[in-house]
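Written below as structure tokens is the structure these notes are about.
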Amino acid sequence: MVTPSPLGPVGGHVPDVQRIAVLRANALGDLIFVLPALEALRSAYPEAEIVLLGAPWHAAFWRDRPGPVDRVLVVPPAPGIRSADPGEPESSMDDFLAAARAEHFDLALQLHGGGGNSNPIVNGLGARVTAGLRAEDAPPLDRWTRYVYYQHEVLRYLEVVALVGAPATTIVPTVLVTDADRAEAARVLGEPTKPRVVLHPGATDSRRRWPAERFAEVARALVGDGYEVLVTGTPAEGEVVDRVVAAAGVPLRPQVGTLGLGGLAACYADCALLVSNDTGPLHLAAAVGTPTVGIYWVGNLINSGHPLRGRHRPIASWTVRCPVCGVDCTPGIYPHRPGDGDCPHRDSFVADIPVIEVVEAARELLG
């Protein structure tokens, strides 16, 4: 039986559920977006064990951390699922699925995308009931909802868990910071002598990166306002962090690879504001309660912009044509519209956002 709800149809509750598998093995922001769906599962099935099928970093992050994940099973690297970590030993998907079937999952949920690569894995778990997303070319599950590209990620996965009788309890992702996280951040950063703000100028996709020199201008303004400014980045983002620090011309504190993910969460939780491109750390900061100014391409704003405005200011670029060749990069998902939705260039699609908009938003949130 399907009943209506404000967030779409709610399917029937599955009886006698003891163990739930959830496939979500991608990046940090992707994990943050699925947290409200996991909270809905926890509320609907309070006695069940929720097992995340994820990557090695998921296992480290959820170890001893309160939240909706009880345990992590590391799924092997596979096309469309996840890439292998450096030095990770080879493992077989067939062996993984055989071991997973021995877990006797009652529910298996695909919260990983359109399902072309992920639905066969979920179907291979041997669960009593499967549910998830399905693009046109993906195999079906027992219960599924259509994958449509432009939909907010949080709502997308709430629709999936609603199919198994788990209506939404929140639309706001939350990550709890532990004492160990705080101890790590304090050990690396020391105690603040003035209020801290943090900039994160990196992003995996270069099209989502605001120019480093613009971040430097924001840093100068905030240092002038009396804040200590940290600049965070992964080791792969060290070059862009260095460019921000060099261009700012004022004392900044670069933090490149100095903190683990838990320590980074604690760092953000103790800061008055984060200014960042649309990337995992932006969503982590919001999840630990830090006000944010996010720099978005408009398509990404639709899919991942924070839904609340009391403490969050997403600022959008409306650029839709490649800055290099002028190709309209939106029609790829609209096949009946003219134009070519793809091009080989990876220049920034957010470089037109002026510094003053970001500085004004930051100052407004800082009060």
Side-chain angles (χ1 to χ4, degrees), residues 1-26 29-54 58 62 65-72 105-115 118-119 122-123 125 127-135 138 140-176 283 286-289 302-310 312:
M1 178 179 179
V2 175
T3 57
S5 83
L7 289 179
V10 177
H13 193 274
V14 179
D16 302 322
V17 171
Q18 298 180 23
R19 189 166 291 120
I20 302 171
V22 177
L23 177 60
R24 185 68 168 172
N26 30 25
D30 302 303
L31 172 67
I32 302 297
F33 298 142
V34 84
L35 291 176
L38 295 175
E39 295 287 357
L41 284 173
R42 169 63 68 225
S43 179
Y45 298 94
E47 304 302 322
E49 181 187 32
I50 297 177
V51 181
L52 180 68
L53 310 187
H58 292 104
W62 284 111
R65 183 176 304 279
V69 173
D70 296 308
R71 182 162 53 96
V72 174
F105 288 109
D106 300 291
L107 289 179
L109 302 178
Q110 190 276 97
L111 305 183
H112 196 83
S118 48
N119 283 4
V122 170
N123 279 327
L125 295 172
R128 288 196 287 123
V129 176
T130 61
L133 296 157
R134 185 189 182 194
L141 302 167
D142 296 327
R143 305 180 187 183
W144 57 271
T145 189
R146 179 65 66 192
Y147 177 87
V148 178
Y149 181 78
Y150 280 129
Q151 179 183 14
H152 198 284
E153 294 289 303
V154 168
L155 300 183
R156 188 194 307 281
Y157 303 112
L158 284 172
E159 280 201 283
V160 172
V161 297
L163 295 175
V164 295
T169 58
T170 181
I171 61 169
V172 179
T174 300
V175 169
L176 296 179
H283 307 297
V288 298
I302 293 169
N303 280 32
S304 62
H306 199 285
L308 304 182
R309 294 295 171 269
H312 305 285

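Worth knowing before you read on, the calculation uses all heavy atoms, side chains too, and leaves out hydrogens, waters and symmetry mates. Sequence positions, counted from 1, serve as the residue numbers for this chain.
Residues Gly132 and Leu141 approach most closely at N-CD1, 3.4 Å, considering heavy atoms. In this structure, Ala138 and Gly115 approach most closely via the heavy-atom pair CB-C, 3.5 Å. Of all heavy-atom pairs between Leu125 and Ala108, the closest is CD1-CB, 3.7 Å. The two residues Pro173 and Pro36 make their nearest non-hydrogen contact at N-CG, 3.8 Å. For Leu41 against Val161, the heavy-atom pair with the smallest separation is CG-CG1, 3.8 Å. When all heavy atoms are compared, the tightest approach of Gly165 to Ala44 is O-CB, 3.5 Å.
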Q.
Between Leu35 and Tyr157, is the side-chain contact (heavy atoms from CB on, under 4.5 Å) condition met? List the steps.
A. CA-CA 9 Å; Leu35 291 176; Tyr157 303 112; over 6 Å; no
Q: Start with the C-alpha distance between Val164 and Val17, add both sets of side-chain angles, then the distance that settles side-chain contact (heavy atoms from CB on, under 4.5 Å), and finish with yes or no.
A: CA-CA 11 Å; Val164 295; Val17 171; over 6 Å; no
Q: For side-chain contact (heavy atoms from CB on, under 4.5 Å), just list the numbers for His283 and Glu153, CA-CA rounded to whole Å, side-chain angles, deciding distance to a tenth of an Å, and then say yes or no.
A: CA-CA 12 Å; His283 307 297; Glu153 294 289 303; over 6 Å; no
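By the 4.5 Å heavy-atom criterion applied to side chains, Gln18 and Glu47 are not counted as neighbours. Here the side chains of Val51 and Glu49 are in contact, with some heavy-atom distance below 4.5 Å. With contacts defined as side-chain heavy-atom distances shorter than 4.5 Å, the pair His58/Val69 does not qualify. Residues Val122 and Phe105 fail the side-chain proximity criterion, which asks for heavy atoms closer than 4.5 Å. Side-chain contact between Ile171 and Leu158 is present, with heavy atoms from C-beta onward closer than 4.5 Å. With contacts defined as side-chain heavy-atom distances shorter than 4.5 Å, the pair Val14/Tyr45 qualifies.
Atoms OG and CG, from Ser304 and Asp30 in turn, are 9.5 Å apart once rounded to the nearest 0.5 Å.
In terms of modelled atom types and a separation under 3.5 Å, the side chain of Thr130 and the main chain of Asp142 share a donor-acceptor contact. For the pair Arg65 (side chain) and Leu176 (backbone), a donor-acceptor distance under 3.5 Å is present. Side-chain N or O atoms of His112 include one that pairs as donor or acceptor with a backbone N or O of Ala25 at under 3.5 Å. Arg156 contributes a side-chain N or O that, together with a main-chain N or O of Gln151, makes up a donor-acceptor pair within less than 3.5 Å. Remark: side-chain polar atoms of Arg143 are paired, donor with acceptor, to backbone N or O of Leu163 under 3.5 angstrom. At distances below 3.5 Å, not a single donor-acceptor pair connects side-chain atoms of Arg42 with backbone N or O atoms of Ala37. Put simply, the side chain of Asn303 gets close to the backbone of Tyr149: a donor and an acceptor are under 3.5 Å apart. Panel note: side chain Arg24, backbone Leu111; a donor-acceptor pair is recorded below 3.5 Å. In terms of modelled atom types and a separation under 3.5 Å, the side chain of His152 and the main chain of Gly305 share a donor-acceptor contact. No donor-acceptor distance shorter than 3.5 angstrom exists from the side chain of Arg134 to the backbone of Ala131, with no hydrogens or angles considered.
A salt bridge links Asp106 with Arg128: the distance from a Lys NZ or Arg NE/NH1/NH2 to an Asp or Glu carboxylate oxygen falls below 4.0 Å.
Looking at Asn119 and Gln110, their side chains do bring a donor and an acceptor atom within 3.5 Å of each other.
Screening Ile20, Val22, Leu109 for a side chain to side chain contact (heavy atoms under 4.5 Å, CB included) with Leu38, the sole residue that qualifies is Val22.
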